[in-house]
Peer 1: 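Dumping the structure here so I can ask a few things about it.
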Amino acid sequence: MLTPHLIDTTVTAALVEDAPWGDLTAATLIPEDATASASLTARDAGVFSGSAVFEAAFRLTDPRITVAFLVADGERFAAGDTIAMVSGPARAVLTAERVALNFVQRMSGIATITAAYVDAVSDTRARIVDTRKTTPGLRVFERHAVRSGGGHNHRHSLSDAVMVKDNHLAVLLERGLTVTEALLRAREELPHTTTIEVEVDRLDQIEAVLAAGVDTIMLDNFTVDELREGVALIAGRAIVEASGNVTLSTVRAIAETGVDVISSGALTHSVRSLDLGLDVSVD
C-alpha cells in the first residue's frame, strides 16, 4: 500500500540523490524572492497515476509550494491536457521539478499500459495482475500505478503467500518427496489464512497439484489450446492463472480460454514512461 510514510521516505531519498548539496543552478541564477507557476501538461494521452508522489516532491522541497490537480489517479487524459498546477518559490519549484516528473511519468506509463491490457480483456472473467518484476525500492509505487490503470496486484512479497515454482519442485523431488506429499506437508505448517499457489508447465502435472488442495494453479507458458484444456481439467477446483508470453496482442486470446487471472511482468519491467512536461513561468 502506498502510504504517506513510504511516499515521504522514498521521495526524500530521491530529492537528496538529485540535489545532495542543494540546487547550484537555481541558487546561483534565480532570485531568492522570485515566485513561479507551473502546469503539468500531457504530451501523450494516457491514464494518470502518482498525484500524492508528485505533490510530495514539491512539499518536501518547500512546504510553501501548492499543487492543485485537475486529473485524479486512474483518470484518462488527452495529449495537451493540463493535469496539475504548481505555484510557489521559484527556486524550490525548479529544484523539485525533475524528481516529481520522474515519478509521475513512470507511474502514469504503468497505469496507461495496464489500462490497455484491462481494456483488451473486457467482457471476460480474466483479471489483469502484475508480478514481482518491479524496480527495487519502488514496488509500492509501481503497484499503485497498476491499480490506477484498473489492474490488480499479485502477492506483494515473498512473505505474503506460498508460491511454489519449478525450482522449488526440483529441490523437493530430489529429496524423494512427491509433489502432493510436499504440498500437503506445507499446508499442515501454514496458518489457515495463507494461500498456496503452484506453477506448472505441463498438463500432466495438474492432477498431483490438485490432490493437495492448493488455492491457485499457474499455467506457465502454455499455448492457448493448452490453457483451454487446463481450465477444463481444473474445472473450478482452483483459481487458474495464466503467465508467460503475455502481450497486448495475445492477452485477449488468453482471456478467452476461461482463466481467472493473467499475470504479466511487462506491466512494470519494460514499460515506457509517459511524456509529461512541467511548463514553468515566473510570476
Side-chain angles (χ1 to χ4, degrees), residues 2-113 134-145 148-149 268 271-283:
L2 192 56
T3 64
H5 172 72
L6 284 170
I7 292 171
D8 284 6
T9 300
T10 305
V11 173
T12 295
L15 290 167
V16 170
E17 176 186 56
D18 202 38
W21 304 285
D23 182 347
L24 184 60
T25 307
T28 302
L29 295 177
I30 307 301
E32 188 174 0
D33 60 352
T35 59
S37 298
S39 58
L40 178 63
T41 304
R43 293 167 183 162
D44 290 331
V47 177
F48 186 58
S49 185
S51 58
V53 185
F54 185 80
E55 183 275 335
F58 291 102
R59 170 176 49 82
L60 293 169
T61 301
D62 192 321
R64 293 174 294 174
I65 298 176
T66 62
V67 182
F69 290 96
L70 285 71
V71 177
D73 284 20
E75 290 186 352
R76 299 179 186 243
F77 53 82
D81 284 355
T82 299
I83 296 172
M85 298 297 299
V86 179
S87 62
R91 283 185 180 180
V93 169
L94 292 166
T95 298
E97 171 188 6
R98 177 42 52 197
V99 168
L101 281 173
N102 283 349
F103 278 111
V104 292
Q105 285 179 318
R106 177 157 180 80
M107 292 178 72
S108 296
I110 292 170
T112 300
I113 192 63
T134 53
T135 307
L138 296 180
R139 181 169 295 170
V140 291
F141 293 75
E142 294 177 349
R143 292 201 148 176
H144 175 86
S148 295
T268 54
V271 69
R272 180 182 69 84
S273 294
L274 217 60
D275 191 1
L276 307 176
L278 196 70
D279 301 318
V280 178
S281 61
V282 178
D283 297 335

Peer 1: With rounding to the nearest 0.5 angstrom, report the OG to CD1 distance, S273 to I110.
Peer 2: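 Interatomic distance, S273 OG to I110 CD1, rounded to 0.5 Å: 8.0 Å.
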Peer 1: Give me each pair satisfying side-chain hydrogen bond (donor to acceptor under 3.5 Å, both in side chains) with a member in residues 15-25, each pair once, sequence neighbours excluded.
Peer 2: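 Listed by first then second residue: D23-T95.
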Peer 1: What are the two closest heavy atoms between V67 and A84, and how far apart are they?
Peer 2: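 That would be CG1-CB, 4.4 Å.
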Peer 1: State the CD-CG distance between Q105 and L274, to the nearest 0.5 angstrom.
Peer 2: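 These two atoms lie 8.0 Å from each other.
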Peer 1: Within the structure provided, determine whether F69 and E55 are in side-chain contact (heavy-atom separation under 4.5 Å).
Peer 2: yes
Peer 1: For residues D44 and R272, determine if any side-chain heavy atom of one lies less than 4.5 Å from a side-chain heavy atom of the other.
Peer 2: yes
Peer 1: Using every non-hydrogen atom in the two residues, find where A57 and L15 come nearest and quote the distance to one decimal.
Peer 2: O-CD1, 3.8 Å
Peer 1: With a 3.5 Å distance limit and no angle check, can you tell me whether E75 reaches the backbone of A72 through a side-chain donor-acceptor pair?
Peer 2: yes
Peer 1: Could you grab the distance from atom OG1 of T35 to atom CD1 of I30, nearest 0.5 Å is fine?
Peer 2: 11.5 Å
Peer 1: Do you see a donor-acceptor pair shorter than 3.5 Å between the side chains of S108 and S49?
Peer 2: no
Peer 1: To the nearest 0.5 Å, what is the distance between OG1 on T268 and CD1 on I113?
Peer 2: 11.5 Å
Peer 1: If I take atom OG1 from residue T82 and atom CG from residue L70, how far apart are they, to the nearest 0.5 angstrom?
Peer 2: 6.5 Å
Peer 1: Check whether any side-chain heavy atom of V53 sits under 4.5 Å from a side-chain heavy atom of L2, and report yes or no.
Peer 2: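 Heavy-atom side-chain distance check passes, below 4.5 Å.
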Peer 1: At what distance, to the nearest 0.5 angstrom, does OG1 of T28 lie from CZ of R91?
Peer 2: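 Reported value, rounded in 0.5 Å steps: 8.0 Å.
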Peer 1: Using side-chain contact (heavy atoms from CB on, under 4.5 Å) as the criterion, list what pairs up with D8, not counting sequence neighbours.
Peer 2: A56, R59, L60
Peer 1: Are N102 and R106 close enough that a side-chain donor and a side-chain acceptor fall under 3.5 Å?
Peer 2: no
Peer 1: Ring centroids only, cut at 6.0 angstrom: are F103 and F54 within range, meaning strictly under it?
Peer 2: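 For F103 and F54, the ring centres are not under 6.0 Å apart.
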Peer 1: Has the side chain of D73 got a donor or acceptor atom that lies under 3.5 Å from a matching backbone atom of S51?
Peer 2: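 Such a contact is found between D73 side chain and S51 backbone.
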Peer 1: Which pair of heavy atoms, one from F141 and one from M107, lies closest together, and at what distance?
Peer 2: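 Nearest heavy atoms, F141 then M107: O-CE, 3.3 Å.
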Peer 1: Is the backbone of A92 close enough, under 3.5 Å, to the side chain of T61 for a donor and an acceptor to pair up by distance?
Peer 2: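 It does not hold such a pair.
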Peer 1: List the atom of L278, the atom of F58, and the distance in Å for their closest heavy-atom pair.
Peer 2: CD2-CZ, 3.8 Å
Peer 1: Which atom names give the shortest non-hydrogen contact between A36 and V280, and what distance separates them?
Peer 2: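 Taking every non-hydrogen atom into account, CB-CG1, 3.9 Å.
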Peer 1: L40 versus V86: any side-chain heavy-atom pair under 4.5 Å?
Peer 2: no
Peer 1: State whether R76 and D81 are salt-bridged, where the test is any N-O pair (Lys NZ or Arg NE/NH1/NH2 against Asp/Glu carboxylate O) under 4.0 Å.
Peer 2: no
Peer 1: Which heavy-atom pair separates V71 from F77 by the least distance, and what is that distance?
Peer 2: CG1-CD2, 4.4 Å
Peer 1: Show your working on side chain to side chain contact (heavy atoms under 4.5 Å, CB included) between L276 and T41 and close with a plain yes or no.
Peer 2: CA-CA 6 Å; L276 307 176; T41 304; over 6 Å; no
